[in-house]
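Data first, discussion second: the structure below is written as structure tokens.
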Amino acid sequence: NPKYSSTSDWPHAMDNHVLSEFAQAVRENDQITLARFTGLMTQGEGEQTRNLLRFVRKHLPLAPAADRNALLWGLDVLQNGDFRSLFMQIRHPLCVLLGEDDPLIPSQVATELGELNTDADIQVLKHAGHLPFLSQPLRTLDSMTEFMWRVQSA
């Protein structure tokens, strides 16, 4: 999503209040907030939701510890960034995969993305959330492969 926080002219994004709450939660306890975030980003994955949450929570501790300042900087970008004009300027082949049931990036944004960049291939994956590359890897790969074949053939 080129604009992560919702405004009157970009309604299909996260509520700014939710992003503010995440920033405050990171300041208070970044590890608990990351655990909460993993729960949120694994929602909407259908039958795979519970297994995916277990997988992410099992592997998250193996990654280097997140830097609190980096997390806060990232949340600030999400809350205040507006990259719609940059999205409009992309002239390379562009495929956007959205999950129909994504709790973080509403799939309804597909229409707006298509209007911003008419050359973009916008796909909404049914019964998918924020992590279809983990919950539905073959389906995600099929979508990407079909896109690359179309680009190569053009």
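These numbers were taken from a predicted model, which means no experiment stands behind them.
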**Q.** Side chain S153, main chain R150, donor-acceptor under 3.5 Å
**A.** no
Q: Please report the C-alpha distance between S135 and E45 in whole Å, then the side-chain angles of each, then the deciding distance to 0.1 Å, and finally whether the side-chain hydrogen bond (donor to acceptor under 3.5 Å, both in side chains) criterion is met.
A: CA-CA 7 Å; S135 65; E45 297 293 350; 2.4 Å; yes
Q: Following the transitive rule for hydrophobic clusters with a side-chain heavy-atom cut-off under 4.5 Å over Ile, Leu, Val, Met, Phe, Trp and Tyr, establish whether L94 and V151 coincide in one cluster.
A: no
Q) Can you tell me if E100 uses its side chain to pair, donor with acceptor, with the backbone of H127 under 3.5 Å? A) yes
Q. Is it true that a side-chain atom of T140 and a backbone atom of P132 form a donor plus acceptor pair closer than 3.5 Å?
A. yes
Q: Start with the C-alpha gap between L104 and F37, add the side-chain angles, then the distance that decides, and say whether side chain to side chain contact (heavy atoms under 4.5 Å, CB included) holds.
A: CA-CA 10 Å; L104 299 173; F37 179 70; 3.8 Å; yes
Q | Distance-minimising heavy-atom pair for V109 and I105 | A | CG1-CG2, 4.1 Å
**Q.** Minimum heavy-atom distance S143-L97, with the two atoms named
**A.** CB-CD2, 3.9 Å
Q: Might you confirm whether atom CZ of R91 has over 12 heavy atoms from other residues, nucleotides or ligands at distances under 6.0 Å?
A: yes
Q) Would the number of heavy atoms belonging to other residues, nucleotides or ligands and lying under 6.0 Å from CG of L86 be above 12? A) yes
Q) Yes or no on side chain to side chain contact (heavy atoms under 4.5 Å, CB included) for F83 and V77, after CA distance, side-chain angles and deciding distance? A) CA-CA 10 Å; F83 305 102; V77 169; 4.0 Å; yes
Q. Can you check whether Q152 reaches M148 side chain to side chain, under 4.5 Å on heavy atoms?
A. no
Q. Between V124 and S107, which heavy-atom pair has the shortest distance, and what is it?
A. CG1-CB, 3.8 Å
(Q) Between R139 (side chain only) and K126 (backbone N and O only), is there a donor and an acceptor less than 3.5 Å apart? (A) yes
Q: Decide yes or no for M41 and V56: does some side-chain heavy atom of the first lie under 4.5 Å from some side-chain heavy atom of the second?
A: yes
(Q) Do V96 and F87 make a side-chain contact, defined as non-hydrogen atoms from C-beta onward lying under 4.5 Å apart? (A) yes
Q: Would you indicate whether H59, at its atom NE2, is surrounded by more than 12 heavy atoms from other residues, nucleotides or ligands within a distance under 6.0 Å?
A: yes
Q | Short side-chain donor-acceptor distance under 3.5 Å, N1 and W10 | A | yes
(Q) For T49, is there any backbone N or O sitting under 3.5 Å from a side-chain donor or acceptor partner on Q43? (A) no
Q: Taking all heavy atoms of K3 and all of T7, pick out the closest pair and write down the distance.
A: NZ-CG2, 3.3 Å
**Q.** Donor-acceptor contact present, side-chain T33 to main-chain A25, <3.5 Å
**A.** yes
Q. How far apart are the C-alpha atoms of E146 and D121, what are their side-chain angles, what is the distance that settles it, and do they pass the side chain to side chain contact (heavy atoms under 4.5 Å, CB included) test?
A. CA-CA 11 Å; E146 288 173 17; D121 180 355; over 6 Å; no
Q: Of all the heavy-atom pairs spanning N16 and S6, show the shortest one and how long it is.
A: N-OG, 4.4 Å
Q: Taking all heavy atoms of A13 and all of Y4, pick out the closest pair and write down the distance.
A: CB-O, 3.3 Å
Q: Answer yes if F22 and L72 sit in the same cluster of Ile, Leu, Val, Met, Phe, Trp and Tyr residues linked by side chain heavy atoms under 4.5 Å apart, and no otherwise.
A: yes
